[in-house]
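Below is one structure, written out as structure tokens; comments come after it.
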Amino acid sequence: MAHGLNPPQQKAVNTLAGPLLVLAGAGTGKTRVVTYRIAKLIQSGIRADRILAVTFTNKAATEMQERIGELLGKKNKKQPATSTFHSHCVRVLRRQIQHLGYPRKFSIYDRGDQESLARGVLREIRVPNETLRPGDLLYFIGGWKTKCIRPADAAAIASTDKEHLAAMAYRRYQKGLKQRGAVDFDDLLLLTEELFTNFDAVRREEAALFDHLLIDEYQDTNGSQYRIVKALAQDHRNLCVVGDDDQSIYGWRGAEVEHILRFSHDWPDSTVVWLENNYRSTAEILTVANRLIAFNKKRHPKELKAARPGGKQPRIEQYPNETKEAEGVVADIARLLRQPDFEPNDFAILFRTNEQPRAFETELRRAGLPYVLIGGMSFFDRKEVRDVLAYMKMIDSPTDEVSLLRIINTPPRGLGGKSVEVLTKEAVRQGKPLWDVLGQPTVVAVLPDTAQRACEELRSLVDMFQQRFKKRPMVDAMRAMLERVDYESELQRLYDNPNDREARMAALEELANALGAYETKAKKPTLAGFLDDVALGGPDFNDEKDKQLKRNAIVLMTLHSAKGLEFPHVYMVGMEEGLLPHHRSVAVEGEAIDEERRLCYVGVTRAQDYLTLSMALTRRKWGKPRDTIPSRFLFELIGQAENPHAGNTATRQRPPGATRTQKAATPATRPPSKTRAATDLPSRRRRT
DNA sequence: GCACTGACCGTTTTT
DNA sequence: CGGTCAGTGC
């Protein structure tokens with residue numbers, strides 16, 4: 001095997017023992033190296049199930065699994081464990097969480113669950129809604145958690161009134177989670193870390209499950225992940241991390257580039273391999289990419305070398321407004337698609353924020369071109385899906401009242417706010433879960449007749465379906481459950497438009513499919529297991545996403561979700577100050593801009609053959625059109641900005657001939673004028 | 001208990 | 001502009 005690997009790649013594949021840092025630039029065959037390395041480990045006699053490979057997304061995990069399967073052939077029965085940090089932590093916690101005083105059977109709260117809990121907490125400490133809303137609270141808590149700040153410490157660092165309030169609520173929130181036997185997304189990492197720090201025996205037990213640990217996208221590890229990696233690898237020291245500091249784009253989630261920058265310091269005996277030969281993009285595209293990223297100060301100075309010389313020069317297009325931008329881009333794609341050389345899925349439209357794709361969707365629909373919008377509102381965020389999932393969660397653990405409260409009167413069964421209030425008060429008084437109170441005849445007797453019957457109905461529903469979900473296939477149980485609560489009538493009641501109803505029923509059908517897919521794939525399928533997968537955006541969800549990506553359609557997605565992908569044609573739209581770089585990053589000064597630049601770099605390096613950057617001269621915001629300023633990155637990547645860090649690189653001398661010639665070719669294009677140097681750009685920055 | 005209406009406001013990016 | 005939410009009327 002290992003055909004066609006260049007020397008540094010071979011070195012990365014063959015260095016099997018000890019710490020190894022692979023600094024792999026964009027498009028340098030990183031994934032390939034990782035999979036080959038794992039295959040090599042297995043061939044050299046390491047048992048596959050003693051290898052743990054951690055990827056950034058579930059999708060990457062599945063893909064890696066498949067590639068390794070291809071490399072090793074069918075005969076290899078045992079598979080290496082590939083999962084994301086979060087999924088791996090779930091596995092650890094499912095085995096060990098009782099050490100932290102949580103019930104063994106805990107549930108994972110998604111965003112909606114968190115919101116309900118937050119709302120409850122705020123009501124409890126009687127915070128008026130306009131002072132601190134559930135969303136604000138979660139925003140604060142999220143911020144603290146990504147920085148590993150515990151409730152007790154949050155109070156100390158809080159400065160504003162709002163923060164103090166939030167810190168107080170944070171303590172309650174965390175207590176609430178524990179009481180309900182629930183963990184939120186951040187807890188998966190935080191609790192695992194806590195487990196490893198406080199219980200060394202547990203740490204050793206978990207670390208001993210594997211002899212080799214590989215971490216992909218290491219530049220995006222945050223503090224907890226960093227320490228979890230250490231905890232797992234410190235005994236065997238067979239740690240291989242792969243990443244590119246220039247593609248670190250998750251700083252806002254607590255990721256620190258420093259982790260990858262100081263790897264050799266943490267593991268002094270480590271081997272370092274640099275991969276700089278880019279096989280993805282043409283030389284023209286890489287020139288632009290290299291020139292741009294050279295503006296960042298804190299980085300391993302490396303330069304992508306093109307394996308594919310020449311190519312078409314990247315274009316910059318300017319449009320009068322965002323509608324025209326969408327029209328222009330779509331017209332361009334439509335034109336190219338009329339040629340036989342290209343397929344819809346050769347094209348990607350990349351943008352910074354989730355409000356941007358709307359205009360493009362309308363245009364694409366009008367042009368009758370197939371497209372997929374990746375991300376955005378998740379399938380699992382749809383009301384009907386959330387409702388049905390709430391039923392399943394309640395059946396799985398009735399004592400966790402968040403789900404119970406969601407569907408307690410959905411569809412309406414005469415158990416309205418008043419009755420629920422009575423029940424909740426009673427539950428609080430007794431210090432028991434709401435669920436228990438629903439079954440207490442003396443309590444229920446106070447309620448109106450319909451409410452009484454509703455309580456009975458809920459109790460018997462859960463009793464019945466707890467049994468039915470133990471039988472296979474679970475899909476049958478799910479359908480029976482929908483029948484029983486007559487959810488279809490609820491949809492008819494709520495939505496007059498038949499299309500709407502149909503779409504919503506279809507969503508439920510899709511959920512059933514996901515459940516079915518889970519059942520066939522999982523070793524021992526359980527309702528709880530399915531719900532875990534759903535919470536983690538697990539494989540069943542990814543199948544859908546994957547299918548979408550394979551659907552031969554134009555792909556619309558954010559720059560963040562584009563990480564790791566490649567397309568022959570890339571359109572980066574909305575290249576304006578305030579959007580890329582985003583105004584929130586502009587406002588904080590310093591390193592935030594560097595991350596925006598990396599984001600831009602990620603976008604540019606997705607392109608294999610053609611790259612088109614575009615901007616709108618005015619853009620509507622909240623109904624009003626406003627003038628825009630070209631993104632400073634445009635000046636930087638065409639070489640019209642002073643580079644303070646240019647130093648040894650060749651970024652400076654080349655004039656932006658690329659865009660010049662292009663200007664003549666496309667009259668609509670006006671590259672940012674020289675008179676407005678990038679250094680002047682921030683002058684219009686809004687300070688509020 | 002539920003639907004409708006108008007005031008309000010403006011979450012960057014996601015596992 | 002468009003989504004959310006509290007308040008109002010049935």
Side-chain angles (χ1 to χ4, degrees), chain A residues 54-61 83-90 108 110-111 115 119 128-130 133-140 142-143 145-146 184-189 217 220-222 224-225 248-255 322-323 350-356 358-359 374-378 380-381 409-420 448 450-451 454 490 493-496 533-538 541-542 545 557-563 574 578-588 592 595-596 598-600 602-603 619-626 688:
Chain A
V54 177
T55 55
F56 193 74
T57 60
N58 284 297
K59 182 168 159 267
S83 66
T84 61
F85 265 106
H86 291 266
S87 323
H88 186 70
C89 288
V90 172
I108 303 168
D110 61 24
R111 174 72 197 196
E115 237 159 63
R119 187 165 285 127
N129 209 303
E130 60 273 17
R133 304 159 95 178
D136 300 338
L137 174 58
L138 288 179
Y139 182 77
F140 280 121
K145 284 196 173 185
T146 52
D184 67 18
F185 228 81
D186 300 310
D187 281 348
L188 294 174
L189 299 177
E217 310 282 11
D220 287 321
T221 48
N222 66 25
S224 305
Q225 291 168 331
S248 168
I249 54 175
Y250 283 90
W252 52 275
R253 223 169 67 187
E322 77 279 355
T323 320
L350 307 182
F351 39 83
R352 174 70 232 264
T353 70
N354 276 320
E355 59 174 355
Q356 286 171 267
R358 204 167 278 157
I374 306 289
M377 182 154 105
S378 150
F380 291 102
D381 289 340
N409 202 32
T410 306
R413 50 170 68 88
L415 203 48
K418 254 295 174 5
S419 305
V420 173
T450 46
E490 168 74 354
R493 191 179 66 85
L494 248 35
Y495 308 102
D496 299 333
D533 266 14
V534 170
L536 294 168
F541 173 51
N542 273 294
K545 195 162 162 179
M557 63 180 147
T558 63
L559 289 162
H560 281 90
S561 19
K563 187 171 77 167
L579 220 41
L580 184 69
H582 196 270
H583 67 266
R584 280 191 112 90
S585 300
V586 176
V588 292
E595 180 152 321
E596 297 285 320
R598 280 181 234 125
L599 201 46
C600 186
V602 166
R619 185 171 291 270
R620 286 186 102 83
K621 194 159 195 205
W622 306 331
K624 288 192 174 62
R626 313 192 103 200
T688 41

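Below, chains carry the letters A, B, ... as their sequence lines are ordered, and counting in each starts from 1.
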Kindly say if [X] contacts the phosphate of [N], meaning a side-chain N or O under 4.0 Å from OP1 or OP2.
X	N	result
A:Asn354	B:dT11	no
A:Thr558	B:dT14	yes
A:Asn222	B:dT15	no
A:Arg584	B:dT12	yes

Distance check needed: [N] [atom2] versus [X] [atom1], whole Å only.
X	N	atom1	atom2	result
A:His86	B:dT15	NE2	C1'	4 Å
A:Leu189	B:dT14	CG	C1'	13 Å
A:Glu115	B:dT11	CD	C1'	11 Å
A:Ile374	B:dT14	CD1	P	11 Å
A:Glu595	B:dT12	CD	P	14 Å
A:Leu580	B:dT13	CG	P	13 Å
A:Lys621	B:dG10	NZ	P	11 Å
A:Asp136	C:dT4	CG	P	15 Å

Take A:Tyr139 and A:Phe56, find for each the nucleotide of DNA chain B with the closest heavy atom, and name the residue whose nucleotide sits nearer the 5' end. A:Tyr139

Nearest to the side chain of [X] - [options]?
X	options	result
A:Arg253	B:dG10, B:dT12, B:dT14	B:dT14
A:Ser561	B:dT12, B:dC2, B:dT14	B:dT14
A:Arg352	B:dT14, B:dT13, C:dC5	B:dT13
A:Arg119	C:dC5, C:dG3, B:dT12	C:dC5
A:Trp622	C:dC1, C:dG2, B:dT14	C:dC1

For [X], which contact category applies under a 4.0 Å heavy-atom criterion: base, sugar-phosphate, or nothing?
X	result
A:Asn409	sugar-phosphate
A:Glu355	nothing
A:Tyr250	sugar-phosphate

The criterion is side chain to side chain contact (heavy atoms under 4.5 Å, CB included); which residues satisfy it with A:Phe185, sequence neighbours excluded? A:His86, A:Leu536

Is it the case that B:dT11 (base atoms only) and A:Arg111 (side chain only) share a donor and an acceptor within less than 3.5 Å, ignoring hydrogens and angles? yes

Verify, without hydrogens or angle tests, whether A:His560 (side chain) and A:Ile249 (backbone) share a donor-acceptor contact under 3.5 angstrom. yes

Side-chain donor/acceptor of A:Arg620 to backbone N/O of A:Pro625, under 3.5 Å: no

Thinking salt bridges, do A:Asp184 and A:Arg111 make one under a 4.0 Å N-O criterion? no

Does A:Lys563 come within less than 4.0 Å of A:Asp220, counting only side-chain N to carboxylate O? yes

Are A:Phe85 and A:Phe56 near enough that their ring centres are under 6.0 Å apart? no

For the base of B:dT13 and the side-chain ring of A:Trp252, does the geometry meet a stacking cutoff of under 5.5 Å between centres and under 30° between planes? yes

